[in-house]
Protein chains: 2
Amino acid sequence: MAKRRKVGNLLALALLSLLSQQPMYPYEMAQTLKARGKDNSIKINWGSLYTVVQNLEKYGFIEVDSTEREGRQPERTTYRITEAGQAELRDWMRDLLSVPGEEASGFAAALSEAGGMHPDEIVELLTTRLTRLDAVNAAEQAGLKALAERLPRLFLIESEYQLAMRIAEAGWVRGLISEIVTGTLSGVDAWRKFRDTGEVPDVLRHLLDEEAKGRWDEAGM
Amino acid sequence: MAKRRKVGNLLALALLSLLSQQPMYPYEMAQTLKARGKDNSIKINWGSLYTVVQNLEKYGFIEVDSTEREGRQPERTTYRITEAGQAELRDWMRDLLSVPGEEASGFAAALSEAGGMHPDEIVELLTTRLTRLDAVNAAEQAGLKALAERLPRLFLIESEYQLAMRIAEAGWVRGLISEIVTGTLSGVDAWRKFRDTGEVPDVLRHLLDEEAKGRWDEAGM
DNA sequence: AGCCGATTACTCGTAGACGAGTATACGCCG
DNA sequence: CGGCGTATACTCGTCTACGAGTAATCGGCT
């Protein structure tokens, strides 16, 4: 599951999908993606675009359909998808849809280092995040509503998904803030003391000892 | 906000955080991260490790503390964090915690291409995802519970976060499946028809026309 | 008629990510 | 006490991502 792809960039997925509908040349692909608003979910990078197209060709997922020049413009190479490309697209989609996980989040990484900062500062930062999340979500919700009048929702599920996730995140952050503030989160008291006075809590000393003996992984997480 | 970092790899964040506690040599950093179970949230890659350390040094965030050799082993270079490094760590943390978004998800990308597959297949795949999500979540929940008995929750927030997000995702997926099955999701009927009979729905034809004229972005999403 | 800015379409160079490979030392089993 | 598996500590080379730069054409305005 979630196996390594020969061409792993998500932009490649979008391109394969595009070419499965009709042949195109690279620049046209980028334009079409932009026109369809896909540049929200996938960043279109000129550098990547041509590398990805090249690699897709290298591995036989797409092939040259024709090359022509209009006037004296630089040559336009039109590509079409191959059988192998169709298969790859299909397989990749199945994989992405059916296998959860894998995404590394900066926020999660930062959370796991949060012990290095003062609780009050964390609360302040999280509050800022929450405000921004709420703002973005409200805007997005309004945007979605507007679009929903002209488009079947089918075309908007991916935005709905992202919105749902961000709403969930907002909820979680709200909860965390209140847990830190009220002290419900076990460990904050010692943490705050440590950050304020420099006094190393027993728990921490304990943990460091255990770590030295490499006992952490025993719980099998 | 969310500005470009001189050293952008999340591994660098972990390393800075580690070195802000005490000087270490690269291999030791990797060991410590593993011992602390951080290899769940951040993948530790030998190749990346040394590149990142090198870059951190290049930009003055860390500096050589000492180099020694025990016996005839390869030289061990111990690094310590600099003032600039402390500042970078702090600033980066503030950024990661207070600014939401930015994470590109493969699932979202796949969702936005879902129109290219048959609804029944999508439902099948989503159901698989749901099963897996539920399984992973149950396991994680159990694991967390076990750990919570020995560790203050403070050390587990990042796992709690990831769990919360995956639970939210499961909920959303469950909803989507039922919306597709029952046909509540506007557009599925036409979609299914199209996939079954090849008959191009009016809506789609309409959209393609508009796209040609570049009207998509007007809603300002 | 001709100039300017936007659009089209790509090229190239660099920096980063990553994995496979390497080389030494240490423990321990027979 | 010799050999071998494992842990230690990196090195190297490839492949990918990306952004800045380029060069031609087109439309419109003076």
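Order of the sequence lines fixes the chain letters, A, B, ..., with proteins taken first and strands second; residue numbering starts at 1 for each chain.
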- Query: Given atom CD of Glu28(A) and atom P of dT7(C), what is their separation to the nearest angstrom?
  - Reply: 18 Å
Dump the pairs, protein N or O against N or O of nucleotides 12-19 of chain D, anything under 3.5 Å, distances to one decimal.
{"from": "dA17(D)", "atom 1": "OP1", "to": "Asn9(A)", "atom 2": "ND2", "distance (Å)": "3.4"}
{"from": "dC18(D)", "atom 1": "OP2", "to": "Ser48(A)", "atom 2": "OG", "distance (Å)": "3.2"}
{"from": "dC18(D)", "atom 1": "N4", "to": "Thr51(A)", "atom 2": "OG1", "distance (Å)": "3.4"}
{"from": "dG19(D)", "atom 1": "OP2", "to": "Asn45(A)", "atom 2": "OD1", "distance (Å)": "2.4"}
{"from": "dG19(D)", "atom 1": "OP2", "to": "Asn45(A)", "atom 2": "ND2", "distance (Å)": "2.9"}
{"from": "dG19(D)", "atom 1": "N7", "to": "Gly47(A)", "atom 2": "N", "distance (Å)": "3.3"}

- To the nearest angstrom, the CD1-C1' distance between Ile44(A) and dT8(C) comes to 15 Å
- Can you run down the salt bridge (charged side-chain N to carboxylate O under 4.0 Å, His left out) pairs that involve residues 37-58 of chain B, sequence neighbours left out, and say none if there aren't any? Glu113(A)-Lys38(B)
- Message: Taking the side chain as everything from C-beta on, heavy atoms only, tell me whether Pro23(A) gets closer than 4.5 Å to Tyr79(A).
- Response: no
- Message: Under a 4.0 Å threshold between the charged nitrogen and the carboxylate oxygen, would Glu88(B) count as salt-bridged to Arg5(B)?
- Response: yes
- Task: May I ask you to check whether Phe107(A) and Tyr161(B) place their ring centers less than 6.0 Å from one another?
- Result: yes
- Asn137(A): what forms a side chain to side chain donor-acceptor pair (under 3.5 Å) with it, not counting sequence neighbours? Arg166(A)
- Separation of dT8(C) P from Lys34(A) NZ (nearest whole Å): 9 Å
- Task: Check whether the ring centres of Phe61(A) and Trp92(A) lie less than 6.0 Å apart, and answer yes or no.
- Result: no
- Task: Write down the distance between OH (Tyr25(A)) and P (dT11(C)), rounded to a whole number of angstrom.
- Result: 14 Å
- Query: Hey, does the side chain of Tyr27(A) come within less than 4.0 Å of dC10(C)'s phosphate (OP1/OP2), counting only N and O?
  - Reply: no
- Query: Could you give the CD-to-P distance, from Glu57(B) to dA15(C), as a whole number of Å?
  - Reply: 17 Å
- Query: Once you round it to whole Å, what is the distance between C1' of dT8(C) and CE of Met24(A)?
  - Reply: 16 Å
